[in-house]
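Input: a single structure, listed below in structure tokens.
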Protein chains: 2
Amino acid sequence: MRYADVAKAERIRIYDVARVAGVSVATASKALNDTGRMTEATRTRVKQTATALGFRPNAMARALTRQRSFTIGLLTNDTYGRFTLPVMAGINEALVDQGVSVFLCGIEDDAALGKIHVDAMLDKQVDGIIATGKRIDRRLPVDLSDLPVPVVYAFTEGPADAVTLVSDDRQGAREATEHLLAHGRRRLVHVTGPDSFASVQNRAEAFRASAGQDAKVLYGAWSEAWGHEAVAKLWAQLNGPDGIFCGNDQIARGVVDALRERGIDVPAEVSVVGFDNWEIVSAATRPPLTTIDMNLKELGREAGRLILDLAEGKPVEPGIRTLPCKLVLRQSCGSDRVANRAEEEVLQEV
Amino acid sequence: MRYADVAKAERIRIYDVARVAGVSVATASKALNDTGRMTEATRTRVKQTATALGFRPNAMARALTRQRSFTIGLLTNDTYGRFTLPVMAGINEALVDQGVSVFLCGIEDDAALGKIHVDAMLDKQVDGIIATGKRIDRRLPVDLSDLPVPVVYAFTEGPADAVTLVSDDRQGAREATEHLLAHGRRRLVHVTGPDSFASVQNRAEAFRASAGQDAKVLYGAWSEAWGHEAVAKLWAQLNGPDGIFCGNDQIARGVVDALRERGIDVPAEVSVVGFDNWEIVSAATRPPLTTIDMNLKELGREAGRLILDLAEGKPVEPGIRTLPCKLVLRQSCGSDRVANRAEEEVLQEV
DNA sequence: GTGAAAGCGCTAACAT
DNA sequence: ATGTTAGCGCTTTCAC
């Protein structure tokens with residue numbers, strides 16, 4: 001049977017359920033939605049017939065009357081890369097149980113495309129929009145204020161009075177630095193990305209707060225190449241560092257590779273901590289990187305919950321919600337024994 | 001103004017347009033959809049009023065009558081990673097102009113979750129479903145046959161009579177191998193993934209067809225570590241290869257790194273070609289990898305077009321459509337001059 | 001050329 | 001406790 005035939009032949013409506021169960025559509029509707037009042041017997045009978053007939057309500061029709069589509073839009077300019085992926089996974093996790101589906105729209109950095117997608121979402125009556133991106137201190141190229149639906153910003157900048165979710169760069173950097181200190185490292189350096197990034201500045205500040213205000217911070221690109229270059233710079237002087245906290249895993253991998261090429265043992269002589277926990281790089285590094293995970297999936301989950309609350313009209317306090325990062329132990333810092341001890345110490349300080 | 005107020009206050013319906021334009025809703029509808037017959041003047045007037053009022057049709061209501069939601073579902077078990085990303089981008093590109101939105105559903109390898117998502121899509125009246133995955137020779141854990149909507153399989157296995165899109169592993173492997181040959185490499189080896197993958201077998205076959213039936217093929221894991229190991233194996237014998245075609249970029253990166261560690265120059269002494277063109281690894285390799293791109297985005301675009309045709313009831317020939325890969329030149333094979341010449345030769349052979 | 005009216009499938013007052 | 005009825009916002013015959 002072709003799908004067209006199936007479509008015509010088999011889709012059964014609440015009308016059918018009502019008829020078979022011997023009630024009116026109104027009663028059927030109430031029975032199935034657990035609203036209204038009726039004998040338990042009727043309700044059960046209707047539900048059973050519905051199941052027996054394989055009834056699935058038409059979400060469009062329902063949305064039309066209820067003014068709620070059980071659909072949300074996810075807007076991102078990170079063309080589904082490093083950051084959006086885990087965020088999306090979290091959102092889906094939070095929403096699937098509620099029967100909410102997600103429209104995904106990648107808009108690059110194209111304002112026109114952004115507007116098209118937002119309009120399309122609005123036309124499709126989304127209950128809310130989650131905006132996400134690749135940079136915590138940049139806005140998407142679309143104006144999402146004054147929309148007729150609620151908006152949650154996750155890992156992208158939003159207006160001051162919006163509901164915004166970000167990961168805690170400072171706390172992440174602090175954990176990384178203290179992990180290094182817990183390993184007995186004292187000559188610490190932070191090799192990170194361009195200082196035009198707010199994340200870079202925040203992490204650098206937190207690093208200095210733990211490592212000492214005179215601890216060195218090297219700014220560069222977010223690349224392995226910069227990791228190599230930084231090592232070259234660092235070891236041009238007499239006394240190289242014994243602990244390096246890197247702004248992302250790519251830099252960290254570059255650092256580790258460069259160190260190995262110089263015959264410097266990681267983690268025996270130098271400990272290295274990365275940032276991002278991007279498996280493809282952190283796990284492939286030799287030795288695998290101990291790094292900071294931004295808990296993006298949890299951030300997505302939280303965004304999902306919030307947009308749901310908002311959509312249901314529940315009150316949600318506006319403002320910036322900061323979610324903690326967590327340290328992921330691998331082998332670039334030293335023995336597990338030490339590492340575990342270090343983690344305990346960190347925990348005690350919280 | 002809160003979004004709730006905006007929602008109530010500002011959403012204007014076709015009824016409003018009709019009233020302001022001084023026509024009936026029926027005429028308004030026809031005017032806006034370019035159907036029916038009326039004076040050009042009326043049509044224009046209605047359209048202008050619509051624009052002036054900022055009218056946006058309610059997609060739900062429209063879907064209800066037209067039995068077409070302008071929505072499709074994208075199902076994937078590649079939790080939005082390496083393969084799904086570009087495919088998705090292509091799909092979106094093909095569909096956004098048509099006003100079609102995409103529900104993204106990641107189902108891991110969980111059959112129950114898969115069913116939940118498929119049901120949700122069906123409830124939401126999707127016009128079609130595109131199934132995609134991380135492996136060309138494996139099925140998603142859900143049965144998509146006998147659905148009331150059309151299905152297109154892209155980069156995942158489907159039933160024999162389905163519309164399926166795959167990339168051309170053989171042709172890709174052939175291009176890689178001939179590129180190596182064009183560089184004068186004659187002692188070729190193929191270092192690839194587990195031979196349980198159909199892709200691995202097809203590529204290996206194509207490699208042998210070009211490199212000679214006795215050319216060596218080494219099977220292993222899809223990892224950098226395996227690349228290292230393979231080099232160790234290869235150089236344990238006297239005469240190492242001078243051209244290595246790798247099954248993916250991660251293996252290739254491992255190979256290139258291992259070669260460098262042995263003091264073997266890439267590309268001066270050995271040329272290496274990867275597979276996948278996964279930027280994060282191919283561009284970060286030193287030297288950057290010449291590799292095969294599976295054109296996943298184009299594959300997505302094609303999937304989008306096909307599902308659209310199907311949704312519109314246009315006839316689409318079932319069967320497997322094989323899309324060509326393309327060689328991406330970087331620096332792991334030799335000079336651009338040679339590389340370009342090589343590409344010309346390849347082109348001539350097509 | 002234009003409009004009245006009947007739905008699409010469902011929900012929610014309001015009757016009974 | 002159950003049913004009748006009036007929509008949700010739009011498209012589409014079918015009259016006029």
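All chains are named by letter (A, B, ...) in the order of the sequence lines, taking the proteins before the strands, and each is independently numbered beginning at 1.
- One atom, CD of A/Q125, and another, C1' of C/dG9, lie 16 Å apart when rounded to the nearest Å.
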Short heteroatom pairs, N/O only, protein and nucleotides 14-16 of chain C, under 3.5 Å:
none

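- Formation of a donor-acceptor pair under 3.5 Å by the B/N295 side chain with backbone atoms of B/P324 is found in this model.
- Contact annotation: A/T27 reaches the phosphate of D/dG3 (side-chain N/O to OP1 or OP2, under 4.0 Å).
- At distances below 3.5 Å, at least one donor-acceptor pair connects side-chain atoms of A/K124 with backbone N or O atoms of B/F70.
- Nucleotide C/dA12 holds its P atom 13 Å from the CG atom of A/D34, rounded to whole Å.
- Computed from coordinates, the B/M38 CE to D/dC16 C1' distance equals 16 Å when rounded to whole Å.
- Between the B/D127 side chain and the B/A311 main chain, no donor and acceptor come within less than 3.5 Å of each other.
- Atom CZ in B/R68 sits about 12 Å away from atom P in D/dT12, given to the nearest Å.
- Looking at A/E157 and A/R138, no side-chain N of the basic residue comes within less than 4.0 Å of a carboxylate O on the acidic one, giving no salt bridge.
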Which protein N or O atoms sit under 3.5 Å from an N or O of nucleotides 7-10 of chain D?
unit_1, atom_1, unit_2, atom_2, d
D/dC8, O2, A/T65, N, 3.4
D/dG9, N2, B/A61, O, 3.2
D/dC10, OP1, B/N58, N, 3.1
D/dC10, OP2, B/I14, N, 2.5

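- By the 4.0 Å N-to-carboxylate-O rule, B/D309 lies too far from B/R305 to be salt-bridged with it.
- A donor-acceptor contact shorter than 3.5 Å is absent between the side chain of B/D119 and the backbone of B/I116.
- Checked by atom type and distance alone, the side chain of A/N77 never pairs as donor or acceptor with a backbone atom of A/I107 at under 3.5 Å.
- Distance, B/D123 CG to C/dC8 C1': 16 Å, rounded to whole Å.
- Between B/R11 and A/D123 there is a salt bridge, since at least one side-chain N of the basic residue sits less than 4.0 Å from a carboxylate O of the acidic one.
- At least one side-chain nitrogen or oxygen of A/T42 sits closer than 4.0 Å to the OP1 or OP2 atom of D/dT2.
- An OP1 or OP2 oxygen of C/dT2 is reached within less than 4.0 angstrom by a side-chain nitrogen or oxygen of B/T39.
- Taking a cutoff of 4.0 Å between a charged side-chain nitrogen and a carboxylate oxygen, B/K134 and B/D109 qualify as a salt bridge.
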